[in-house]
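Quick notes on the structure that follows.
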Amino acid sequence: MTPAVPDPVLPRPSLSAPHGALWCAAAAALAATRTPRARRAAIRGLASLGLASLTVNALGKRTLHHARPAPVPLIGQLKRRPTSISFPSGQAAAASAFATGIALESPAWGTVVAPAAASVALSRGHGGARFPSDVLTGAALGVGAAFAVRGMVPTRGQVAPPARPRAEVPALPDGAGLVLVANTAAGSAERARALRDALPGAEVVECEPGDVPAELEKAAARARVLGVCGGDGTVNAAARVALRFRLPLAVLPGGTLNHFAYDLGIEDVRDLARALRAGEAVRVDVGRYSCGGKHGVFLNTCSVGVYPELVREREHWSHRIGGWPAGVLAAVRVLRADRHPLEAEFQGRTRPLWLLFAGNGTYHRMGLASGRRKDLADGQLDVRVVHGGRRPAVRLLAAALAGPLTRSPAHAAVQVGRLRLDHVAPGTLLAYDGEVIEVEGRVTLEKLPEALTVYRPVPSS
């Protein structure tokens, strides 16, 4: 009988799939799009693939010895027939894991990858390399691996961003009335221009880091809505100006971490443009610190101890070797340094502290992922303390892995509306939203409930 049309076509993808080469190339292509959702999808796809391969090769094939099917007619065979155990199909597992992982993070990219994954999986059975049951079982294991990864590291879509309390703000159908200041050093110029394309009536001001404060002041004087594009430090500066001028704030993430924007549910130009056109916004809490004549606000976190030292060390190296390598180097250097714990009076007791972290809102652990805030207007400072003692690196790692344990000899957690530290030694570093200053004496942290109005697309109930 003459072979069906797909015979010469289906075997081809399977030849490029071994060792994950095809999927690594696909992940690299996704990452090259430079969008946060695509990068996360690529990472999730590779993580799902890795777990599926580990499960199939380390567990399935070592325990289930299953021979391969007899060769099919020569015209339908793969040129190189595999000689390993047939059940379950590792290539089908890898293909389905990668595609499912992509789709869980980004359904749009999932539909792009799915045809290639299906072609690889089908080619394994069609070319005589596997029984249909081998392929189906492998594909099922791949899907299960992707969902297992999501259980350990949830997608952003699993946690709805805060939708309350809603605020009355002007709708800007074409962006007229919005003045957005973009920090060009944060690599945000491209996003700012994309927003101008989406909202042609908006005014976009691009400037260097040193000019950001002055440009924000000028923008606030003529804007109905103050916009900012940059990292968390730039957003902090814009929040201070928006509070003083009593303007709603529009945040477009343009830095490395973008914690505040992501916790709001704004990842790209489309999210912000939709909120501005519809006039959708929420009111969020603002944290405030004060020490003598120094005072300021924080939208994410404020901390003393090891973390501010790490931030300063990272900033010292980042312009030479890049942000992420500098962060790793800073962590190694700070934790290896022979430093003494910070001495401060906390909750009526003077004690040594390796770290005191205060979050603007309660941070919830999500599987093995770092914490996220489900509510940006809960009126709470999420305070985490790592006590002084021997082996600071072990204590800090234990605190990071264990989460908000309230009873531990190494660390503790408490939610309060106001916090005071007394007898802080001169020269102590305090970090807020990635910025670092020196403090001494009495340091007070408190909440300003629902102080700031911020645009964000509000999901329907």
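- Summarising the geometry of Ala99 relative to Ala114, their closest heavy-atom pair is CB-CA, 4.5 Å, with the distance given to 0.1 Å.
- Here the shortest heavy-atom pairing between Ala42 and Ala27 reads CB-O, 3.5 Å.
- Atoms CG and CZ, from Asp268 and Arg274 in turn, are 9.5 Å apart once rounded to the nearest 0.5 Å.
- In this structure, the side chain of Thr453 does not engage the main chain of Arg283 through any donor-acceptor pair within 3.5 Å.
- Between Leu276 and Leu178 there is a side-chain heavy-atom pair separated by less than 4.5 Å.
- Using a 4.5 Å cut-off on side-chain heavy atoms (C-beta onward), Ile266 and Pro457 make contact.
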Side chain to side chain contact (heavy atoms under 4.5 Å, CB included), that's the test. Do Asn360 and Arg373 meet it? Break it down for me. CA-CA 9 Å; Asn360 177 32; Arg373 291 170 290 181; 4.0 Å; yes
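- Taking CG of Leu46 as the reference point, atom SG of Cys24 lies at 5.5 Å (rounded to 0.5 Å).
- Listed for the Ser119 side chain is no donor-acceptor partner under 3.5 Å among the backbone atoms of Pro115.
- Taking every heavy atom of both residues into account, Pro170 and Arg224 meet most closely at CB-NH2, 3.0 Å.
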Passes side chain to side chain contact (heavy atoms under 4.5 Å, CB included), Arg442 versus Thr444? Steps please. CA-CA 7 Å; Arg442 173 176 293 179; Thr444 302; 4.0 Å; yes
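- Here the side chain of Asp382 pairs no donor or acceptor atom with the backbone of Gln415 at under 3.5 angstrom.
- Between the side chain of Asp232 and the backbone N or O of His259 there is at least one donor-acceptor pair closer than 3.5 Å.
- Between the CG atom of Asp263 and the CG atom of Asp375 there is a distance of 11.0 Å, given to the nearest 0.5 Å.
- Not a single donor-acceptor pair under 3.5 Å links the side chain of Arg196 to the backbone N or O of Ala192.
- Heavy-atom minimum distance, Val297 versus Tyr432: O-CD1, 3.5 Å.
- At most 12 heavy atoms of other shown residues, nucleotides or ligands fall within 6.0 angstrom of atom CZ in Arg246.
- At distances below 3.5 Å, at least one donor-acceptor pair connects side-chain atoms of Thr111 with backbone N or O atoms of Ala108.
- Here the shortest heavy-atom pairing between Asp433 and Leu299 reads OD2-N, 2.8 Å.
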Check step by step if side chain to side chain contact (heavy atoms under 4.5 Å, CB included) holds for Arg193 and Val204. CA-CA 8 Å; Arg193 292 163 191 161; Val204 176; 5.9 Å; no
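- Remark: the backbone N or O of Leu49 is paired with a side-chain donor or acceptor of Ser53 at under 3.5 angstrom.
- Counting only heavy atoms from C-beta outward, the side chains of Val454 and Leu376 never approach each other to under 4.5 Å.
- At least one donor-acceptor pair closer than 3.5 Å links the side chain of Arg191 to the backbone N or O of Pro253.
- Rounding to the nearest 0.5 Å places CZ of Phe298 at 7.5 Å from NZ of Lys447.
- Put simply, the side chain of Val439 does not reach to within 4.5 Å of the side chain of Tyr289, judged on heavy atoms.
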Should Thr428 and Glu440 be marked as a side chain to side chain donor-acceptor pair (under 3.5 Å) after you check the CA-CA gap, both sets of side-chain angles, and the distance that decides it? CA-CA 6 Å; Thr428 297; Glu440 63 177 289; over 6 Å; no
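- Here the straight-line distance linking atom CD of Glu280 with atom CG of Leu272 works out to 11.5 Å at 0.5 Å rounding.
- Going from atom CZ of Arg384 over to atom CG of Leu356 covers 11.5 Å, rounded to the nearest 0.5 Å.
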Determine whether Leu199 and Leu172 satisfy the following criterion, side chain to side chain contact (heavy atoms under 4.5 Å, CB included), listing intermediate values before the conclusion. CA-CA 9 Å; Leu199 300 172; Leu172 308 179; over 6 Å; no
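- In terms of modelled atom types and a separation under 3.5 Å, the side chain of Asp285 and the main chain of Asp378 share a donor-acceptor contact.
- Minimum heavy-atom separation, Ala220 to Leu247: O-CD1, 3.5 Å.
- Using a 4.5 Å cut-off on side-chain heavy atoms (C-beta onward), Val383 and Leu419 make contact.
- A donor-acceptor pair under 3.5 Å is absent between the side-chain atoms of Arg456 and the main chain of Gly265, judged by distance alone.
- Partner of Val251 under the side-chain contact (heavy atoms from CB on, under 4.5 Å) criterion, out of Thr234, Leu226, Val235: Val235 alone.
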